[in-house]
There are 2 protein chains.
Amino acid sequence: MADVAHIARVSKMTVSRVLAGHSVAPATRERVEQAIAQLGYVADAAAGALSSGRSDFVAVLVPSLASSNFSDTVRGLTSVLEPEGLQLLLGDTDYGLEREERLVRSMLRYQPRCIALTGSQHTDGTRHLLERARIPVVEMWDLPAKPIDLAVGFSNARAAREMVRYLSAKGYRKIGFLCGASDLDRRGLERLKGYLQEMKAQGLGEPRVVRLGESPITMTHGAPALDALLEQWPDTDAVMCVSDMSAFGAIMQCHRRGLRVPRDIAVAGFGNFEVALCSNPTITTVSVDAYGIGRRTGELLLAAQAGSTHAARAQRKVVIDYAVVERESA
Amino acid sequence: MADVAHIARVSKMTVSRVLAGHSVAPATRERVEQAIAQLGYVADAAAGALSSGRSDFVAVLVPSLASSNFSDTVRGLTSVLEPEGLQLLLGDTDYGLEREERLVRSMLRYQPRCIALTGSQHTDGTRHLLERARIPVVEMWDLPAKPIDLAVGFSNARAAREMVRYLSAKGYRKIGFLCGASDLDRRGLERLKGYLQEMKAQGLGEPRVVRLGESPITMTHGAPALDALLEQWPDTDAVMCVSDMSAFGAIMQCHRRGLRVPRDIAVAGFGNFEVALCSNPTITTVSVDAYGIGRRTGELLLAAQAGSTHAARAQRKVVIDYAVVERESA
DNA sequence: TTGAAAGCGATACCAG
DNA sequence: CTGGTATCGCTTTCAA
């Protein structure tokens, strides 16, 4: 920066002002910009952060980057935060709470302005770190009873109940549920809970639950899970799956077994992924605005720092819509 | 840090040493660690970077985070770089070269130790920025004729040629190719090029190419693309798709049209995504070690800074294996 | 093994 | 509108 200042025959401060877009005489600005171009100068963000006491980072943690719904959420966040000149610090917890804590600790070292996490379950260590950090925190994809700070999400249990009601209204009575065997995917567990609640509420008899494979289960697990379900309860007439991925795997397995979907057996998914629209038959599912979760989170984060303390208090929980989408499979 | 030092009754330097894992008397270290825990102290990474003159960042740019092959590559990178205490600065170019340049410029502000890009095509501005940055650069997923610095990838054109040979050996003669209409997906274009070359080399007659939809095309585009192909060339007996996503969409459309795959028409994909293994029929495809690309890139990056100048020169291009995987669809 | 002082490259603040 | 100076929190370097 000193070099730029020297070439432009101004002080470092003026260079700094040009970079920050503060008021500078047009002629001076011109000289500085030429010097910057000439040297190919790129300001050091670390020094800026140290000096100004605030970084441009926003920390974001998702369980998985590969999953299309979380990457949609990240895109939504980017669309709001990038124009503000903020830089996402992206982390992938791989559905692990311990790993989440490690990542939070590591990201906090960069003094992010705010942080967005996925889900409402965290280790005590994570909560402790977050409290000490004194920055806005958003929990996404869930509606925690007791949020750390802010939340943007929906009730996965209620959404699953709505799907049971849909199937029940369609005349299905022997409804099974497929999900992973481990407890890593909390949102999947919530959906299972909702299924159990609504089966009871609707008087649909004993639940038929198959838990198979490491959560979150993917396409691959759909086939063996369907097999297990039909082995234990051969007269099942509808299958709810914890996600569209497993629903797709289940449908393909139905075809292999010579079962027609939905005539012989109905299959429903969750998430409204692209595969639900493209598979044959198309998959009845619960549509969730993943991109919107990202955008709303970004907006909340922005508001939380702008309005420092007051404006933020206006809205601490943003509830995201979802809807059962009727397609061919159920 | 001064607070920690005060409580532990040592100097800031000793705290710094404890944090960095340098040699400190066990008793002293103990005191310092207790003070750190007591205060919940987290060192400021920006200050450290500024002072030491090197950051912990590694910049990584991929065309899309949602695409499973690129997210596998990111996982591979993470697996190598994270244990070294490095922090990924992840960016999503959205298949845009201008956007790539913006992201490179913005990431360079954080003085990353090295940077990994996808593909061999970049704007002049990007190349210029990268040269000035004087850090190791890896181009992934391609084998540039003239790499900026290092490269880890394979020839998409050769891989596509191999698939044509496979189909030809299987007895298919009227082979079509489906890909996107725009030129954004350079690797897709390379595959098209390979298809054209090998069709000629094998004397398989006029190529049958349908370019439809914004690249990179996804599941959704498979159906209309297949329709267009069969309308123009009704006697087509095999379809190569630029990716497994579009292959899947095409297969589902075959089913809707009452065509059996592969008996009436064969379909092949590219990438060996999960859907290729789960769909019915399973999809014949080209398997690429996306995770391995990430790992090798990470290793190269690590070597490039460790061996400063010499060790790196040993291997500037890493060629990644691929293979045609025979499944049911072709 | 530990400490003191200098300085990394920018910005905040106050003068002119 | 522009410049000087102090300072952000840490590491480097050198000395004890």
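Chain letters run A, B, ... following the sequence lines, proteins first and then strands; every chain starts at 1. Keep in mind it's a predicted model, so treat the numbers as computed, not measured.
Taking the side-chain contact (heavy atoms from CB on, under 4.5 Å) definition, one finds that A/R99 meets it with A/D94, A/R102, A/L103, B/T78, B/E82, sequence neighbours left out. Remark: B/V80 pairs with B/R295, B/E299, B/L302 by the side-chain contact (heavy atoms from CB on, under 4.5 Å) rule, at least two apart or across chains.
Across residues 28-52 of chain A, A/T28, A/L50, A/S51 each have a non-hydrogen atom less than 4.0 Å from an atom of DNA chain D (numbered order). Within residues 103-115 of chain A, no residue places a heavy atom under 4.0 Å from DNA chain D. Residues from residues 7-16 of chain A with heavy atoms under 4.0 angstrom of DNA chain D, sorted by number: A/V10, A/S11, A/M13, A/T14.
If you measure from atom CG of A/D56 to atom C1' of C/dA10, you get 12 Å, rounded to the nearest angstrom. Nucleotide C/dT2 holds its C1' atom 15 Å from the CE atom of B/M1, rounded to whole Å. As rounded to whole Å, 12 Å separates atom C1' of D/dG9 from atom CG of B/D3. Regarding B/H22, its NE2 atom lies at a distance of 16 Å from the P atom of C/dG3, rounded to whole Å. Distance CZ (B/R54) to C1' (D/dT11): 11 Å, rounded to an integer number of Å.
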Salt bridge (charged side-chain N to carboxylate O under 4.0 Å, His left out) evaluation trace for B/E190 with B/R186: CA-CA 6 Å; B/E190 283 294 302; B/R186 308 304 306 189; over 6 Å; no
Kindly list each side-chain donor-acceptor pair under 3.5 angstrom involving residues 48-65 of chain B, sequence neighbours excluded, with atom names and distances?
residue : atom : partner : partner atom : Å
B/S52   : OG   : B/G48   : O            : 2.9
B/S52   : OG   : B/R54   : N            : 3.4
B/S52   : OG   : B/R54   : O            : 3.3
B/S55   : OG   : B/F57   : N            : 3.1
B/S55   : OG   : B/Q111  : O            : 2.8
B/D56   : OD2  : A/R109  : NH2          : 3.2
B/S64   : OG   : B/A66   : N            : 3.2
B/S64   : OG   : B/S67   : N            : 3.2

Donor-acceptor list for residues 1-10 of chain A side chains, cut-off 3.5 Å, not counting sequence neighbours:
none

Below 3.5 Å between N/O atoms, which protein atoms pair up with nucleotides 14-16 of chain D? Just atom names and distances, please.
none

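Every pair passing ring pair (Phe, Tyr, Trp, His ring centres under 6.0 Å) that includes a residue from residues 69-109 of chain B is listed here, sequence neighbours excluded: B/F70-B/W141. Applying the salt bridge (Lys or Arg N to Asp or Glu O under 4.0 Å) test to every pair with at least one member in residues 131-146 of chain B, sequence neighbours left out, gives no pairs at all. Sorted pairs that involve residues 115-127 of chain B and meet salt bridge (Lys or Arg N to Asp or Glu O under 4.0 Å), not counting sequence neighbours, are lacking altogether. Pairs engaging residues 12-27 of chain A under the salt bridge (Lys or Arg N to Asp or Glu O under 4.0 Å) rule: none recorded [sequence neighbours left out].
With hydrogens and angles ignored, the 3.5 Å screen pairs a side-chain donor or acceptor of A/R316 with a backbone N or O of A/D149. A/S215 places a side-chain N or O within 3.5 Å of a backbone atom of A/S182 that can act as its donor or acceptor partner.
In this structure the side chain of B/V288 never reaches within 4.5 angstrom of the side chain of B/N69, judged on heavy atoms. Two residues are said to be in side-chain contact when any heavy atoms from C-beta on lie closer than 4.5 Å; A/T297 and A/T73 fail this criterion.
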